Amino acid sequence: RGYAFALCFGFVALGVALRGGVTAWSPRAPLYWLALVLAILGQALAVHVFAALVAWSMLHVARARRSWRTTVTTLVWWHAVPALACATFYLGFLRVAAGVGGPREGVLVPLERAVAMATGLPPVAAGPTLVAGALGVLALGLWWLARRGSDLWILYAVGIAGSPAALWLLKPSDQYFERYFVVSAALWLVLAARLLGSLATRGRAAIACAAILAAFVIGNAVRVEQLLRDQRGHYRDALR
């Protein structure tokens, strides 16, 4: 359904923007435009990546203490094309697209399942406590980045929580699925990996990191095995 394309091209856009930062008239910007447009065409939820990059670039350029003209030129050069593409896509398609049916569970229950899937834990472990733990990891990661003087904290804050929350407030719905949190989950995993990478260099903490990684791999391996065995539910067999 395009989620893989959204993540693939979304991470390409992240890599292009973060490699060397954003500067006015950078020759890397067209690749950034292309990657973001392809990500959003793959799945509109990639807009969370775009929102995160806009927030990060604004802070990044502001910290560089450039003139206001250079600041505006830089931000427009990097973000005007993707913003125009997003607006065109929304007005020409998403605004009139009809939603499909499905269970109306609200936001919390699908979010609980999404956290369980992202961490490799079994679905029976899904619950508010697990969501609170994931938010705790997010808060710890943001604090760790800010303490180190990195401006990436705002990228993760907006991409994981800020942009999805804003979208829900702008267009509230009780029909959510765990796959709607795929961008947040991917960015959360990258942030969690950064924390584990830091802890792994601290003596005995490396043992705990290895145990966490082993549990993560085993938990996801079980899901992959089930997917390979049952596909998406033996639909072809049922049709036959």
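Residue indices begin at 1 and follow the sequence shown. None of these values were measured; they are calculated from a predicted model.
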Note: A35 and F9 closest approach over all heavy atoms is O-CB, 3.3 Å

Of all heavy-atom pairs linking A6 and Q43, the shortest is CB-CB, 3.7 Å

To the nearest 0.5 Å, atom CD1 of I212 lies from atom CG of L199 at 7.5 Å

task = Please examine the side chains of V107 and W168, heavy atoms only from C-beta on, and report whether any two atoms are closer than 4.5 Å.
result = yes

In this structure, CD1 of I218 is separated from CZ of R223 (nearest 0.5 Å) by 13.5 Å

Report yes if the side chains of Y156 and R194 come closer than 4.5 Å at any heavy-atom pair, otherwise no.
yes

When rounded to the nearest 0.5 Å, the distance separating CG of L152 from CG of L191 is 9.5 Å

All heavy atoms of S198 vs all of T201, minimum pair found to be O-OG1, 2.7 Å

I would like to know whether H79 and F50 meet side chain to side chain contact (heavy atoms under 4.5 Å, CB included); could you show each step before the answer? CA-CA 9 Å; H79 303 308; F50 184 32; 3.7 Å; yes

Could you tell me whether the side chain of Y235 and the main chain of R232 form a donor-acceptor pair under 3.5 Å?
-> yes

Is M117 reachable from V183 through a run of I, L, V, M, F, W or Y residues, each pair having side-chain heavy atoms under 4.5 Å apart?
no

Value for OG1 (T23) from CZ (R66), rounded to nearest 0.5 Å, stands at 6.5 Å

Between W188 and A134, the two heavy atoms sitting closest are NE1-O, 3.0 Å

I'd like to know if the side chain of H48 pairs up with that of S184 as donor and acceptor (distance under 3.5 Å, no hydrogens or angles considered).
no

Self-check item: W143/R148 under side chain to side chain contact (heavy atoms under 4.5 Å, CB included): CA gap, chis, key distance, verdict
Solution: CA-CA 9 Å; W143 171 81; R148 295 182 65 197; over 6 Å; no

Review point. Do side-chain atoms of R95 reach the backbone of Y90 as a donor and acceptor pair under 3.5 angstrom?
Key: no

Side chain Q231, main chain L228, donor-acceptor under 3.5 Å: yes

In terms of heavy-atom contacts, does CZ of R65 have more than 12 from other residues, nucleotides or ligands at under 6.0 Å? no

Test of understanding: clusters of I, L, V, M, F, W, Y form through side-chain heavy atoms closer than 4.5 Å, transitively. Do V222 and L130 belong to the same one? no

Correct closest heavy-atom pair for A116 and P122 would be CB-O, 4.0 Å

- Query: Do F11 and V190 touch side chain to side chain, with heavy atoms closer than 4.5 Å?
  - Reply: yes

Query - Side-chain heavy atoms of E105 within contact of D174, under 4.5 Å - result: no

Answer yes if the side chains of T70 and S67 hold a donor-acceptor pair under 3.5 Å, and no otherwise. yes

Does W78 have its ring centroid less than 6.0 Å away from the ring centroid of W25? no

*Which word best sums up how the rings of F177 and Y180 line up, parallel for under 30°, tilted for 30 to 60°, or perpendicular for over 60°?*
perpendicular

In this structure, would L31 and L84 fall into the same cluster of hydrophobic residues linked by side-chain contacts under 4.5 Å?
no

I'd like to know if V109 and V182 are part of one continuous hydrophobic network [Ile/Leu/Val/Met/Phe/Trp/Tyr, side-chain heavy atoms within less than 4.5 Å]. no

* Within the side chain of S57, is there an N or O that forms a donor-acceptor pair under 3.5 Å with the backbone of L53? -> yes

**OP:** Following the transitive rule for hydrophobic clusters with a side-chain heavy-atom cut-off under 4.5 Å over Ile, Leu, Val, Met, Phe, Trp and Tyr, establish whether I207 and L196 coincide in one cluster.
**Re:** no

CG of L189 to OG1 of T119, rounded to nearest 0.5 Å, is 8.5 Å

Test side chain to side chain contact (heavy atoms under 4.5 Å, CB included) on Y3 and R179; report intermediate values, then the result.
CA-CA 8 Å; Y3 294 96; R179 61 181 179 268; 3.2 Å; yes

### Side-chain donor or acceptor of W77 paired with backbone N/O of S26 under 3.5 Å
yes

Please work out whether the ring planes of F93 and F89 are parallel, tilted or perpendicular, with thresholds of 30° and 60°.
parallel

### Task
Evaluate the side chain to side chain contact (heavy atoms under 4.5 Å, CB included) criterion for residues W56 and V22: first the C-alpha distance (whole Å), next the side-chain angles of each, then the deciding distance (0.1 Å), finally the verdict.
CA-CA 10 Å; W56 167 78; V22 292; 3.9 Å; yes

Distance col, row L155:CG vs L14:CG, nearest 0.5 angstrom, shows 6.0 Å

Discussion item. Counting C-beta onward and ignoring hydrogens, is there a side-chain heavy-atom pair between P164 and F181 closer than 4.5 Å?
Written reply: no

Closest heavy-atom pair, Y32 versus A13, reported as atoms and distance to 0.1 Å, is CD1-O, 3.6 Å

- [ ] Look at the side chain of R28 and the backbone N and O of R19, then say whether any donor-acceptor pair between them is shorter than 3.5 Å.
- [x] yes

Q. More than 12 heavy atoms of other residues, nucleotides or ligands under 6.0 Å from CH2 of W153: is that the case?
A. no

